[in-house]
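Written below as structure tokens is the structure these notes are about.
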Amino acid sequence: MADQIRVRFAPSPTGYLHVGGARTALFNWLFARKMGGKFLLRIEDTDRERSSPEHTQVILDGMAWLGLDHDEDIVFQGAGLERHQAIADQLIESGHAYLDDGATRFRIPDESISWDDAVLGNVTFDGAGIDDLVILRSDRTPTYNFSVVCDDIEMKLTHVLRGNDHTSNTPKQIAIYNALGATIPTFGHVPMIHGIDGKKMSKRHGATAVGDYRNEGILPAAMRNFLSLLGWGTGDDRELFFKAEELIEAFSIKGIQKKAAVFDPAKLEWMNGQYISHMKPEDLYPLVSQGLSAEGLTPEAKGKERLMSAISAVAERARSVHVIPERVALRLNPQTISLDEKATGFRNKNVEAFNQGLSLSLECLDETDEPWTPDVIGDQLKAAALTAELGVGKLMQPIRIALTGMTVSESVTDLLPLIGKEESLKRLREALNWD
RNA sequence: GGCGGUAUCGUCUAGGGGUGAGGACGCGGCCCUCUCAAGGCCGAAACACGGGUUCGAUUCCCGUUACCGCUACCA
């Protein structure tokens, strides 16, 4: 039986989780979960200037938000200092490294170094063209390429899936593995993520941190799904994986692309909308409960059923989770309606017709004793429109605007019962008095 | 500069020696319809360039170009 697969994600705690790093973490996680292996986390905190527990926490929060749970204890690279130093000294003794101006330099052999990359295929470098690298600075702190190898060995990794920017580091690291007599893991270099201009993702492109998208109302599952499709494909046309298990099941290193992928926010938004509208309101609720509570919108205050139907009415048209609380409040809390730009435009086009529509609607809605259900309301409004020889839209759109201040909403016949008779009629009357 | 990598619609991708080069986002149109969203249908939109190999290359090989990365006592 083959050894259990062990992979890792090894971020530097720089204060935010970059989407590129998150995507690399995601691939490792998917691979580990798919293969029944272990997904480990190592914090590369050797740069003491930039590292802090707060920065580390940001990374951890980002991972947790995306649902990328890790196995075993988190490894802090800084804790391995003495071990790294000892290994470097050992390399001097074995003749693989030498002292140079106080630093310890590793000797790259003059031979061809190649490996079978899990995504790139066979890659070959000529060791003669690679400079000997410093592994221990003159202050005896280890450098990146060296500590990575020491820790990857220590953590018994079987696969190293990392960003494509490390491809050129790999021959150096392989030479160190060889000098140490260690087993070389399978390397896989996953493509970079670029901004819309084809350049490396940076602040110029706007949001680059996972936390930014969280703040913009992106759902973690949507983010995960979107990120997975950057540089990876199933081979068929499948794009939506609403459950993490489906994504894990579909994942394969074989489907990883070699070229860099451009991050397209428009597609992320579309995907987020897909997630929001496909989710049951009960599942959506925990993700927006904080915002809802701030508006006094709790199941206790509004009734669970009513709250859920408001959420689901609103979610159907939302591409960000952000708009949900305010729009639910618009329906379930008493409001004084103010018009948005489009609604103002619609009314101004013909104020008289607008008011006529409202009066007619008010008349038939106010006088009825029948229950306020979508069917009954629909029938009554249609009948009223027919009598007045108007299209139903001439009644519906003014009602919609009177109730919400917007030109867009769920069907008016659903909207009225949701808001409730008393509040609805109040808003309709107020709308007649708009100037 | 040297070394390494990459190259299919604007973007994410499928495919692969003979295809009408498929899907998705976005864009345009139509249907549905009280608006929007969702959904359905339709449309515009791609094999970087030049040489080979071959009966036939977008696919294989070589070169060019472009882009990315490494070339630090950064990570």
Side-chain angles (χ1 to χ4, degrees), chain A residues 10-12 14 44-47 49-51 77 100-105 114 117 119-121 123-131 133-148 163-172 189 191-194 196-200 226 228-240 255 257-271 273-274 276-278 313-319 342-343 346 357 378 381-382 385 391-401 404 406-415:
Chain A
S12 298
T14 50
E44 314 231 308
D45 57 348
T46 47
D47 185 342
E49 299 295 312
R50 289 195 287 176
S51 304
Q77 190 156 64
D100 172 33
D101 221 6
T104 305
R105 212 174 264 282
S114 62
D117 195 282
V119 349
L120 299 175
V123 183
T124 304
F125 281 79
D126 182 3
I130 303 173
D131 292 336
L133 69 148
V134 169
I135 56 175
L136 235 47
R137 300 185 187 90
S138 42
D139 65 0
R140 289 193 53 82
T141 57
T143 57
Y144 170 78
N145 276 117
F146 181 60
S147 9
V148 164
N164 194 215
D165 48 342
H166 289 293
T167 305
S168 306
N169 286 327
T170 303
K172 304 172 194 173
H189 291 91
M192 307 272 81
I193 295 178
H194 287 170
I196 200 72
D197 57 357
K199 302 262 191 286
K200 197 171 178 176
F226 175 73
S228 76
L229 257 23
L230 251 32
W232 172 76
T234 53
D236 56 26
D237 292 329
R238 181 112 191 253
E239 288 200 303
L240 264 5
Q257 202 78 13
K258 294 180 186 176
K259 67 162 183 179
V262 172
F263 190 101
D264 179 9
K267 188 155 185 174
L268 206 210
E269 281 166 31
W270 164 78
M271 191 167 280
Q274 290 287 316
I276 293 172
S277 51
H278 278 82
V314 153
E316 215 173 323
R317 274 151 271 270
R319 284 198 162 194
K342 283 184 178 168
F346 182 92
L381 287 173
K382 275 172 199 156
V392 263
K394 294 281 188 269
L395 302 190
M396 298 296 193
Q397 197 61 348
I399 297 176
R400 169 174 290 114
I401 289 171
T404 64
M406 301 192 276
T407 54
V408 170
S409 82
E410 64 270 44
S411 138
V412 164
T413 51
D414 289 330
L415 193 55

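Below, chain A is the first sequence line, B the second, and so on; all start at residue 1. Note: hydrogens, waters and symmetry copies are ignored here, and every other heavy atom, side chains too, is used. Given the structure is predicted, the values throughout are model-derived calculations rather than measurements.
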Hey, does Gln397(A) reach any base, or is it just sugar-phosphate, or nothing, if we go heavy atoms under 4.0 Å?
sugar-phosphate
Hunt down the Watson-Crick or G-U wobble partner of rU35(B), both distances under 3.5 Å, from any strand shown, or write none.
none
Measuring only between side-chain heavy atoms, which start at C-beta, is Lys342(A) closer than 4.5 Å to Val408(A)?
no
Of the candidate nucleotides rG4(B), rA72(B), rC68(B), which contains the atom at the shortest distance from the side chain of His194(A)?
rC68(B)
For the side chain of Ala261(A), counting heavy atoms from C-beta on, which of rU13(B), rU6(B), rG39(B) is nearest?
rU13(B)
Take atom CG of Asp237(A) and atom P of rC25(B), then tell me their distance rounded to the nearest Å.
11 Å
Pairwise side-chain contact, Arg319(A) with Ile276(A), heavy-atom cut-off 4.5 Å (strictly under)
no
Paired with rU54(B) by Watson-Crick or G-U wobble geometry, both distances under 3.5 Å: which nucleotide is it?
none
When you compare rA44(B) with rG63(B), how far apart are their P atoms, in angstrom units rounded to a whole number?
38 Å
Under 4.0 Å, counting only non-hydrogen atoms across every strand here, what does Asp126(A) touch: a base, just sugar-phosphate, or nothing?
nothing
Does a donor on one side chain and an acceptor on the other come within less than 3.5 Å for Asn145(A) and Thr143(A)?
no
When rounded to the nearest Å, what value does the distance between P atoms of rG15(B) and rC73(B) take?
43 Å
NA contact type, Glu410(A), heavy-atom cut-off 4.0 Å: base, sugar-phosphate, or nothing?
base
Just jot down the ring-ring contact (aromatic ring centres under 6.0 Å, His included) partners of Tyr144(A), sequence neighbours excluded, or say none.
His166(A)
rC68(B) and rC12(B): how far apart are their P atoms, nearest whole angstrom?
15 Å
Whole-Å distance, Lys258(A) NZ to rU8(B) P, equals 13 Å
Taking the P atom in each of rC49(B) and rA7(B), what is the distance between them to the nearest angstrom?
15 Å
Need the pair for rC41(B). Rule: Watson-Crick or G-U wobble, both distances under 3.5 Å, any strand; none if unpaired.
rG29(B)
Ignoring the backbone of Val408(A), work out which of rU13(B), rC36(B), rC34(B) is nearest its side chain.
rC36(B)
Let's test your reading of the model: under 3.5 Å, does the base of rC73(B) pair with the side chain of Thr104(A) as donor and acceptor?
no
If we call it a pair only when both distances are under 3.5 Å in a Watson-Crick or G-U wobble match, what pairs with rA14(B)?
none
Using salt bridge (Lys or Arg N to Asp or Glu O under 4.0 Å) as the criterion, list what pairs up with Lys267(A), not counting sequence neighbours.
Glu239(A)
Given Gln397(A), which of Leu395(A), Ile399(A), Ile401(A) fulfils the side-chain contact (heavy atoms from CB on, under 4.5 Å) condition?
Ile401(A)
How would nucleotides 60-66 of chain B be written as a contact map, 5' to 3', with B for base contact, S for sugar-phosphate-only contact and - for no contact, using protein heavy atoms under 4.0 Å?
-------
How close or far is atom C1' of rU33(B) from atom NZ of Lys382(A), stated in whole angstroms?
10 Å
Across all strands shown, which nucleotide pairs with rU59(B) by Watson-Crick or G-U wobble geometry, both distances under 3.5 Å?
none
Give Arg105(A) one of three labels, base, sugar-phosphate or nothing, depending on what nucleic acid heavy atoms sit under 4.0 Å from its own.
sugar-phosphate
According to the Watson-Crick and G-U wobble definitions, with both distances under 3.5 Å, which nucleotide is paired to rU64(B)?
rA48(B)
Check if the side chain of Ser411(A) and the base of rC34(B) share a donor-acceptor pair of N or O atoms closer than 3.5 Å.
yes
What N/O pairs connect the protein and nucleotides 26-30 of chain B at under 3.5 Å? Give each pair on its own line.
| unit_1 | atom_1 | unit_2 | atom_2 | d |
| --- | --- | --- | --- | --- |
| rG26(B) | OP1 | Arg319(A) | NH1 | 3.1 |
| rG26(B) | OP1 | Arg319(A) | NH2 | 3.0 |

With rounding to whole Å, what would you report as the distance between rG40(B) and rA45(B) at their P atoms?
23 Å
For Lys394(A), which contact category applies under a 4.0 Å heavy-atom criterion: base, sugar-phosphate, or nothing?
nothing
Taking the side chain as every heavy atom from C-beta outward, state whether Met396(A) and Thr413(A) have any pair of such atoms under 4.5 Å apart.
yes
Want to settle it: does Glu239(A) or Leu120(A) sit nearer the 5' end of RNA chain B, counting the closest nucleotide to each?
Leu120(A)
Against the side chain of Thr167(A), the closest entry in rA75(B), rA37(B), rG4(B) is rG4(B)
Could you check whether Val412(A) gets within reach of a base, just the sugar-phosphate, or nothing at all, counting any heavy atom under 4.0 Å?
base
Starting at CD of Gln274(A) and ending at P of rA38(B), how long is that distance when rounded to a whole Å?
7 Å
Please classify the nucleic acid contact of Asn145(A) as base, sugar-phosphate, or nothing, using heavy-atom distances under 4.0 Å.
base
Across the strands shown, which category fits Thr124(A) at heavy-atom distances under 4.0 angstrom: base, sugar-phosphate, nothing?
sugar-phosphate
Select base, sugar-phosphate, or nothing to describe what Asn169(A) touches, counting heavy atoms under 4.0 Å on all strands.
base
How is Gly231(A) classified with respect to the nucleic acid when contacts are heavy atoms under 4.0 Å: base, sugar-phosphate, or nothing?
sugar-phosphate
Roughly how far, to the nearest 0.5 Å, is the CG atom of Asn164(A) from the NZ atom of Lys259(A)?
13.5 Å
Identify, with sequence neighbours excluded, every residue that meets salt bridge (Lys or Arg N to Asp or Glu O under 4.0 Å) alongside Arg105(A).
Asp100(A)
Determine which nucleotide pairs with rG1(B), using a 3.5 Å limit on both distances of a Watson-Crick or G-U wobble pair.
rU71(B)
Both Val392(A) and Leu268(A) contact RNA chain B. Taking the nearest nucleotide for each, which residue is further toward the 5' end?
Leu268(A)
Assign Thr407(A) to base, sugar-phosphate, or nothing according to its heavy-atom contacts below 4.0 angstrom with the strands shown.
base
Take the protein atom CG of Leu395(A) and the nucleotide atom P of rC34(B), then report the distance between them rounded to whole Å.
12 Å
Reckon Gln257(A) has a side-chain N or O less than 4.0 Å from the OP1 or OP2 of rA14(B)?
yes
Rounded to the nearest Å, what distance is computed from the CD1 atom of residue Ile130(A) to the C1' atom of nucleotide rG4(B)?
9 Å
Atom pair CG (Leu229(A)) and CD (Gln257(A)), whose distance is rounded to the nearest 0.5 Å
11.0 Å
Taking only residues two or more places apart in sequence or in another chain, which ones pass salt bridge (Lys or Arg N to Asp or Glu O under 4.0 Å) with Asp165(A)?
none
Have a look at Gly235(A) and say if it touches a base, only the backbone sugar-phosphate, or nothing, with a 4.0 Å heavy-atom cut-off.
sugar-phosphate
In short, Glu410(A) meets Asp414(A) closest at the heavy-atom pair CG-CB, 4.1 Å
Output the rounded distance in Å from CG (Asp236(A)) to P (rG15(B)).
9 Å
Measuring only between side-chain heavy atoms, which start at C-beta, is Phe125(A) closer than 4.5 Å to Thr170(A)?
no
Between Lys259(A) (NZ) and rA14(B) (P), how many Å, whole number?
9 Å
Is there a donor-acceptor pair under 3.5 Å between the side chain of Ser12(A) and the backbone N or O of Thr14(A)?
no
